[in-house]
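All figures in this text were calculated on a predicted structure; none of them were measured in a lab.
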Amino acid sequence: MPSPTSILSLLLLLLLTVTVSSANVIRMYPKQHIVGPDDDPKCESWKFSIEVNNAGSWNSIPRPCIEFVKDYFHSGRYLSDSRSVAAFSLTFARSVKVAKGDGMDAWIFDVDETLLSNLPYYEDNGFGSQPYNDTSFNEWVNKGLAPALAASLTVYKWVKKLGFKIFIITGRGESQRVVTEQNLIDAGYSGWEKLILRGSDDEGKKATVYKSEKRAELVKQGYTIQGSSGDQWSDLIGFAIAKRSFKLPNPMYYIP
């Protein structure tokens, strides 16, 4: 007979909504002949390797796999993977005995490809068939039109309802604070404790170091980081890490 935890996870998967919805560095290949997603099964193995961090640092999508990545987003597999992560996140969140008095149980979220999706930008730029352009990407971010990743929005709302204090730590710079705050609100997020962006003192730091330092500051303030959600390993590893970390899929880029 399935355990209560297994049943809960299945129910959460069924309940999560399905909605088709910045990185520091994204390098892409120029336009070229593309091999279809079914023509090269190595692309599925490549995606598996980057998600579990077997590949380590990588800075571009393999040429035959650009169409595979496009199909991954459009076929529903991306949303399915995101909902699976959300289900496990919520199973854990519900298992935590959140202290009602001190309010010091924290959950940390990243922004890009975690709370917000830049899928519209990638669609307009060929999913890597065109070279990445930092100027055009920041122009997209500054429009404040990134939609919510539906699975993450569900987790966010439940985590807040359960009584966790929510902190958002992003690699975006302070110059994008206003547009980021408004974009998050427009996408359905509210009630966070603090939105943390890179300041002048954080320039040049690798994401792993920067985010670890910000988590350490929260721990020093007395918070217990119960959970953390991010699309990059650098969102989750380092020091002052959460009791449980949950990585969302992202085959578009890698940030160390």
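The existence of a salt bridge linking K70 and E123 is excluded, since no basic side-chain nitrogen approaches an acidic carboxylate oxygen closer than 4.0 Å. Under the 4.0 Å criterion applied to side-chain N and carboxylate O atoms, D71 and R77 are assigned as salt-bridge partners. Using a cutoff of 4.0 Å between basic side-chain nitrogens and carboxylate oxygens, D105 and K165 are not scored as salt-bridged. With salt bridges taken as basic N to acidic carboxylate O contacts below 4.0 Å, none links E174 and R198.
I50 and L248 fall within a single hydrophobic cluster, where Ile, Leu, Val, Met, Phe, Trp and Tyr are joined by side-chain heavy atoms under 4.5 Å apart, directly or via other members. Hydrophobic clustering (ILVMFWY, side-chain heavy atoms < 4.5 Å, transitive): Y189 and I169 are in distinct clusters. Using a 4.5 Å cut-off between side-chain heavy atoms of Ile, Leu, Val, Met, Phe, Trp and Tyr, with links allowed through other members, W107 and V98 fall into the same hydrophobic cluster.
The distance from the CG atom of L115 to the CG atom of L184 is 6.0 Å, given to the nearest 0.5 Å. Interatomic distance, Y72 OH to M252 CE, rounded to the nearest 0.5 Å: 12.0 Å. Here S228 contributes atom OG and I108 contributes atom CD1; the two are 5.0 Å apart, rounded to the nearest 0.5 Å. Note that CD of E181 and CD1 of I168 are 9.0 Å apart. Values are rounded to the nearest 0.5 Å. With rounding to the nearest 0.5 angstrom, the CZ atom of R215 is 10.5 Å from the CD1 atom of I196. The CZ atom of F48 sits 14.0 Å away from the CH2 atom of W46 when rounded to the nearest 0.5 Å.
Contact detail for A240 and V219: the closest heavy-atom pair is CB-CG2, 4.3 Å. Heavy-atom minimum distance, D81 versus P249: CB-CG, 3.9 Å. Contact record, A187 with A148: O-CB, 3.5 Å, taken as the closest heavy-atom pair. Between P120 and W140, the shortest heavy-atom contact is CB-CH2, 3.7 Å. When all heavy atoms of V159 and A93 are compared, the pair lying nearest together is CG2-CB, 4.4 Å. In plain terms, the two heavy atoms of N250 and D231 that are nearest each other are ND2-OD2, 2.7 Å.
Neither side chain, N142 nor N138, offers a donor N or O lying under 3.5 Å from an acceptor on the other. Residues E113 and Y253 have side chains that bring a donor and an acceptor to within less than 3.5 angstrom of each other. At a cut-off of 3.5 Å, with distance as the only test, a side-chain donor of K160 or S190 sits close to an acceptor on the other residue.
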For this session: Could you walk me through whether F167 and Y223 pass the ring-ring contact (aromatic ring centres under 6.0 Å, His included) test, one step at a time?
Result: CA-CA 11 Å; F167 293 88; Y223 288 99; 4.9 Å; yes
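Under the 3.5 Å distance criterion, the side-chain polar atoms of T170 are matched with a main-chain donor or acceptor of R172. Side chain of W233 to main chain of G56: no donor-acceptor pair is present (N/O by atom type, distance under 3.5 Å, no hydrogens or angles).
A 4.5 Å side-chain heavy-atom check between V155 and L90 finds at least one atom pair inside the cut-off.
Taking the six-membered ring for Trp and thresholds of 30 and 60 degrees, F127 and H74 have ring planes more than 60 degrees apart, a perpendicular arrangement.
Between Y121 and F137, the distance from one ring center to the other falls under 6.0 angstrom.
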